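We number each residue from 1, following the sequence as shown. The structure presented is a predicted model; accordingly, all values stated were derived computationally and were not measured.
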Amino acid sequence: MKYTKIGIVLGSLVVIFAIVASFAQNSQIRNVLLAIVAITVLVGAGNWLNSYLGIERKPQEFNQPDREATEPEVKDAP
């Protein structure tokens, strides 16, 4: 959890710095950076809304092959 928060803070600082630099230089990358911020806000708002409403994620289910079908048959030695 600690590294997640550090990553969020550092990532936010990098994006904010890039946006400020793009506005200062009147760069074309500004639209891309603003789109990244918009997507991040939408995803964060959706996660917060799920938490607020008490909606829990379903655990992932992986198709496990039958153990008998995947393991070769071992015969006893004479």
With clusters defined by side-chain heavy atoms of hydrophobic residues (ILVMFWY) lying less than 4.5 Å apart, directly or transitively, does Ile16 cluster with Ile8? no
Are any of the side-chain heavy atoms of Leu33 and Val37 separated by less than 4.5 Å? no
Nearest 0.5 Å please: distance from the CD1 atom of Ile29 over to the CD1 atom of Ile36. 7.5 Å
So how far is it from Leu34 CG to Ile39 CD1, rounded to the nearest 0.5 Å? 11.5 Å
With Tyr52 via ring pair (Phe, Tyr, Trp, His ring centres under 6.0 Å) - residues at least two apart: Trp48
For the residue pair Leu10 and Val14, establish whether any side-chain heavy-atom pair is separated by less than 4.5 Å. no
